[in-house]
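Here the structure is laid out as structure tokens; the discussion comes afterwards.
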Amino acid sequence: MADTPRILVIEDVQADFQLLERYLRKQGLAGALHCIDRTEDLERALHEPWDLVLSDYQVAGMAFADTVKRLNAHDPDLPVILISGSIGEAGAIELLALGITDYILKDDLTRLAHSIQRALADRTQRLARHAAEARLQASEALAQARLREIERVYQHAPIGLCVLDRELRYLHINDRLAEINGIPAADHLGRTVRQVVPIMADVVELMLQQILATGEARHDIESVGETPAQPGVQRTWLGQYLPIFDKTGQVTGISIVVEEITRRKAAEDALRASEARLRLAQTIAEIGVWEWEVNSGRVIWSPELERLFNLPEGHFQGTFEAFVSHVHPDDWPETQRQIEDSLHEERPCEIIFRTHPDTRVQRWISTRGQMLRDAEGHPVRLIGASIDITHSKLAERQLLINHQLLLDQLPLHVWQKDLNLNWVTCNAALARLLGCSPDAIAGKSDHDLYPAELAEQFIASDRKTLETGEIQQFEIRFDGPSATAYQVIKAPLRDDMGAVIGILGIAEDITERKAMERANQEFQADLSATLQALPDMLFEIDENGHYIRLKTGKQDHLTAPLEDFVGHTVHEMLPAPVAEEVMAAIAQATVYGYDYGRTMRLILPDGVHFYDYSVARKATLPGETPRFIFLARDVTDRVYAIQQLRDSEARFSAFFNHARDGMIVVDVQSRRHVDANPALCSLFGYEREEFLQLEVLNVHPAEAQARVTSDFASLANNEKVIAERIPCLRKDGSVFHADITAAPVMLNDRPHVVGVFRDSTERMKHERALVQAREAAEAASIAKSRFLANMSHELRTPMNSILGMAQLLQQAHLPDQERIDYARTVLLVGQALLSLLNDLLDIAKIEAGKISLESLTLEPERLFDETRALFTGSAHARGLEFSVHWQGPSRQYRADTNRLRQILANLIANAIKFTEQGSITVRGRELESDANMAVLEISVEDTGIGLSPEDQVNLFKPFSQADDSISRKYGGTGLGLSIVRAIAQAMGGDSGVDSQLGQGSNFWIRVRVGIEHDIQNQQSRSDHATRQCPPLQGHILVVEDDPDNRKVIAAMLDQLNLTCTLASGGQECLDIILAGTPFDLILMDLRMPDLDGFVTTRRIRAWENDRSAARTPILCLTADVMDSNNADRIRDAGMDALLNKPVLLNELHCGLSKWLQAAASATPLKTVLRPLDVERMSDLLNELLPLLAMQKFSVFECFRRVTELARDTAAAAEIAKAGESLKQMQFDQVRDRLIALANEQGWEIAPP
Amino acid sequence: MNGQKQKVLAIDDQPDNLMLLGESLDAFCDLTIATTGEQGLALADTLHPDQILLDVMMPGLDGDAVCRYLRADPVLTQIPVIFLTALNTPEEETRGLDAGAVDFITKPVNIAVLQARVRTHLMLKQQADLLRRLAFKDGLTGVSN
């Protein structure tokens, strides 16, 4: 620190600072003095080093406590002395706790200098201590780092390291060594060598103790063993054991360095083994190695070479002279020459010599040497290898001997003469003949060996051979008691260059051959006689067809006497076709040497005969006219037999080749195809050649092979004919079924099978089709039966109600209310029955394929409104939500609206039927559209019981409801959905369902509809039977032959406040009209006994025309809904519209509303509510509720009283709803409703 | 009759049919109605009716099953069962009688026939009960035999 400290002053009063400055300067303490009075300045000032801070307590904008904190944070060793005029003793003490060094009162600075000095000294000391600490820390860190470094080296050294203390406990050990010991390094520490490696302890401990005792290191201690990590592998280590000394020279422990040398050892062992092998190989191969130092003359021999020369090992003296002494003297000159050559020439020298005769076993040695030269090219050393070739030398000699032996063995006489015609050699056979040894023959002349005459003859032929250089060949004969003949060949003998060097002679004893030739001549004679005896005819004819010779046993087969033939030609003697044939045979035989197989037909006195001709060209001498031997055999009988066979074969062949069934012949043993007809080949898709390469199993698929094999086994036993259907494999890999019939047959004495294949694919198809048709018929029959059973039930059930109720109605004194209920039941059930019949009619139409669609205006929104109105009630009655959404554009289409309504009604009725709780949602939208057409989708989604995938498949088929039990539980004929589908398809669309069992269903239909362009039509049409029609007025004529129907219609018209006149038939109708009675409208039945509706209408129209009277609207009423032609006929007859019978009231109402005027006004009924007798109602309910709980039938009677009581009161509607539930026998719902109503109305009822 | 009407249980899934039965029979018997086979069995257990009118074709437990169940129960087996069915073949009738029904009425029913048969079987039941009582108790003293 500088002598003059750097002091920072915090003071906002300039005068005080000046006072302080002066004081400090006086005290010699202000080296650098800087005053600040703002926090920002403080921050700036802190960038410089300060030794001390003097601060006022109250500085505007700087809280002293914050300042102190900031300073402490900046440098905890920076002393801060407070100089304050205001702070009291207690406050000062507090501030001391905050971290200031001292405090001085402003008005008494006497202590300040002292305080500053003390603070500065204090700070100096503290800084020094910090520096020392820092140095110490740095040094420790360095030491730690070095230690870690060493540790790391220690740990990662590729050699094993460890340190033991005096008790032989491990102090350190690296992983490498730990791995050898087989336990982790950490587990070594503190344990003794004996504990860690007990196996080695006895040996190692002794050595370690010695080291501890003597302080002497032990080096290169080799140890071998296995490690736990690699059991079964022998490893070798080299250990260094070094004592560790302390400063006093005491041994404090042992450091051990272990290096694994397993591989090095292995390599050394391998090298040693390889050297040993080389030596062994040399020994076995008997190769001796030698070296000759040219300058010193020193010769080095390998032990093997010494052995080759039969010297005991080490006995070779090592000089060139010694070498020379071991070589055979005869071979030395050549050997010496070679060695000398090698001194001058580059090529290696090769010498073959024998060992010296003195050696115990004489050998042939082959040696090969290479001269090594120094830089100047002077020869330095000759190095080479020698082998014993004694064996091959001996073999060579043996070969020569064998050659001679061969010659000696020949049954020929072989000899050789030189150019002077002196003998050189001969083989043993000749030597024996000549009576001298082969060795002695050399140098002799013919005169020495043969009688003079013979010798001259031989010499002459020899000379001729030498002169001409050609081979001489002749026979010689020695007559005498043992007459012999020889065939002699003499040939000039030439050297490699082609020069004649002598004569080689070969003589063969042909005595026996001559004898055989004689025997042959005799045989010829015999043959000739034999031929004469043959039944066949034999001719000899020359190439021009001249008969030369004839031989025949039976002359009656000749066309002319035998002797007439010779000298004549075949053309003269034979019919022209036969002659031609003979000449053709001659031509053939001229080329090929023979010709046979021709059959010729001759007509002889006793009939037609056939002859087989065989011709052979006779060997003739050059220049002779070629001649031919003809053998003619009478084969008439055979020809006829063959002819029959051929006919049979032709029949079979035609049969075989043109049969439509495949035929095959198979060899039973080899199972090879022997023959196959074209039909079979095409059946299997093979060419015939290909097919005949195959075996039986090749043409049947794997699954049929066992059967084929067993069939063959039974056929091989010649058992029976097999007929079965079996799968076959075509060439293209496809499989077809064939009906085969196979029978065993013997051909060429081998068992064969003849099989006939008929492709049964078509037949199987037909069989299958038959089966399917039968099954379909059965299924249809079952479905029909089930349907009929259902129908029976469905028809009887409502009939039961109708008839039953009708019976009840007959009872006398029936209360009005009950009679009304019974009648309503009859009506409702009757309507249900009617809708069932309508369904049946629809189905009948569908089955007949006659759905006629009308083109009407479709306003989806209106259709949906109607739907909502129609079904909301019944859905709510079952406690179901019901909503209808048209999501398409608001426009008009053309479609059969009635049919769509029918579809919707079917689907919604189903949904209501099959949904216990939840909701039913009807949606409609336009899927696609163009200018003229659109596709609409209408879906009905419910939360009902849903459908399994299997049920969905059959759902839309007629007569098959998903399950019989469903039809029983929910009723219905199972016709609804098939009607829906049929209609949807007829409208160019389809229907379907998305559903999961228990998850509800979404039934949808898609239909193709036209787009309405005709605005007028849009406005004029209105065919909504269900819409609310205005009250009407008018006078109507009803023409109906059936009195009941007349009554019904009259009642309905009465309901509609319309007056009517009734006519019982067409004639009556005409009478009334023609009488001039005016009507606002006529309702006309179509089928009537006297005049039918058509005729009647036409007459009315005609009458109107005649009178120019106003046209009275005529509506026809008909039950003939099935006959689609009616619509046209009705229009043609002049009727205006059609109403289906039976007609509903509101249908009639709406149907009439188009043609009649609306009533002037209609005043809606106003209901006046009565007050309710609450007490009576409570009593009744208390009576009713237990009956409900017990499901007593008397509940109905009781409920009637409740209804009666509630009539025309505020509770009537709610009671009526409960009544609806009661009719459905839903007792719980009735109870709930009534209890809820009672609670709501405050009626007192007993608790349940 | 001791003034109290005999109890009849009618089991049928068709409300209309039940109505018809009720209107026909309510006058001379105490009629309880059940709309399913299960419900019918439960009511039979608690009610011990003197006769059961049983529809054959019902979803869930059908008439045959209900009848066999009744026959298997030692107490309920005493109750005569009359089958009601829309199937009127002789086979069907035999089957119903085999299942243990005492009588067989085909739909559509003739109400007079229905009433007559029901009445007959109720009378039979009453007499059978009387005999049974006499077999177990002395008619005069009411003491068990």
Side-chain angles (χ1 to χ4, degrees), chain A residues 788-811 814-815 818-819 821-822 824-826 828-830 832-833 945 963-971 1187-1198 1200 1220-1228, chain B residues 5 7-37 39-40 42-44 46-47 49 53 55-63 65 84-89 91-92 105-115:
Chain A
L788 281 177
N790 266 343
M791 278 301 107
S792 172
H793 181 252
E794 293 302 325
L795 291 174
R796 276 168 187 283
T797 300
M799 284 313 289
N800 184 45
S801 301
I802 292 170
L803 297 180
M805 290 296 160
Q807 290 172 63
L808 290 175
L809 278 171
Q810 281 180 336
Q811 295 170 43
L814 207 57
E818 285 181 36
R819 202 174 58 243
D821 282 353
Y822 296 162
R824 192 157 59 197
T825 304
V826 170
L828 289 173
V829 174
L833 196 55
I945 58 172
D963 182 355
D964 283 352
S965 66
I966 287 182
S967 80
R968 270 188 278 139
K969 178 168 181 185
Y970 298 100
L1187 291 175
L1188 269 175
M1190 290 189 290
Q1191 304 194 180
K1192 292 290 182 191
F1193 185 77
S1194 47
V1195 77
F1196 286 95
E1197 192 274 328
C1198 186
R1200 250 177 238 135
E1220 288 298 316
S1221 296
L1222 186 62
K1223 268 189 200 149
Q1224 297 301 311
M1225 306 283 167
Q1226 290 161 337
F1227 300 110
D1228 291 347
Chain B
K5 287 181 185 171
K7 293 176 285 186
V8 173
L9 172 62
I11 309 175
D12 196 325
D13 61 320
Q14 301 282 339
D16 287 342
N17 280 340
L18 286 172
M19 283 302 290
L20 187 60
L21 292 174
E23 301 290 358
S24 309
L25 304 176
D26 198 44
F28 61 90
C29 64
D30 172 11
L31 185 69
T32 302
I33 54 185
T35 52
T36 66
Q39 211 181 59
L43 282 169
T46 55
L47 195 68
L53 290 168
D55 182 30
V56 177
M57 281 180 87
M58 288 190 294
L61 271 186
D62 64 9
L84 289 167
T85 178
L87 303 172
N88 60 346
T89 58
E91 296 81 29
E92 191 64 28
I105 299 175
T106 54
K107 296 180 192 174
V109 294
N110 182 307
I111 290 174
V113 171
L114 172 74
Q115 289 171 333

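Throughout, protein chains are lettered first and strands after them, A, B, ... in sequence-line order, and every chain is numbered starting at 1. Keep in mind it's a predicted model, so treat the numbers as computed, not measured.
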- Message: Assess the residue pair A/L808 and B/S24 against the criterion (side chain to side chain contact (heavy atoms under 4.5 Å, CB included)); give the C-alpha distance rounded to whole Å, side-chain angles, the decisive distance to 0.1 Å, and a yes or no.
- Response: CA-CA 8 Å; A/L808 290 175; B/S24 309; 4.3 Å; yes
- Which atoms of B/L43 approach chain A - backbone, side chain, both or neither, heavy atom under 4.5 Å: side chain
- Under a 4.5 Å heavy-atom cutoff, which of B/V109, B/L18, B/I33 has the most pairs with chain A? B/I33
- Has the side chain of A/Q1191 got a donor or acceptor atom that lies under 3.5 Å from a matching backbone atom of B/T35? no
- Begin from the C-alpha positions of B/M19 and A/T825 and carry the test side chain to side chain contact (heavy atoms under 4.5 Å, CB included) through to its verdict. CA-CA 10 Å; B/M19 283 302 290; A/T825 304; over 6 Å; no
- Query: Considering all heavy atoms of both residues, which atom of A/S801 and which atom of B/N17 are nearest to each other, and what is their separation?
  - Reply: OG-OD1, 4.2 Å
- Item | Which portion of B/L47 sits near chain A, non-hydrogen atoms under 4.5 angstrom | side chain
- Query: With only heavy atoms counted, which part of A/K1192 is less than 4.5 Å from chain B, the side chain, the backbone, both or neither?
  - Reply: both
- Heavy-atom nearest pair, B/A112 first then A/Q807, reads N-OE1, 4.5 Å
- Derivation of the side chain to side chain contact (heavy atoms under 4.5 Å, CB included) call for A/M799 and B/K107: CA-CA 8 Å; A/M799 284 313 289; B/K107 296 180 192 174; over 6 Å; no
- Task: State, yes or no, whether a side-chain contact exists between A/K1223 and B/P15 at a heavy-atom distance under 4.5 Å.
- Result: no
- In this structure, CD1 of A/I802 is separated from CG of B/L20 (nearest 0.5 Å) by 11.5 Å
- Message: Could you go through B/L21 and A/F1193, starting from their C-alpha distance and side-chain angles, then the distance that decides it, and tell me whether this counts as side chain to side chain contact (heavy atoms under 4.5 Å, CB included)?
- Response: CA-CA 9 Å; B/L21 292 174; A/F1193 185 77; over 6 Å; no
- Answer with side chain, backbone, both or neither: which region of A/V829 has an atom nearer than 4.5 Å to a non-hydrogen atom of chain B? side chain
- Checking heavy atoms, do the side chain of A/L803, its backbone, both or neither come under 4.5 Å from chain B? side chain
- Message: Taking side chain as everything from C-beta outward and backbone as N, CA, C, O, which of these in A/M1190 sits under 4.5 Å from a heavy atom of chain B? Side chain, backbone, both or neither.
- Response: backbone
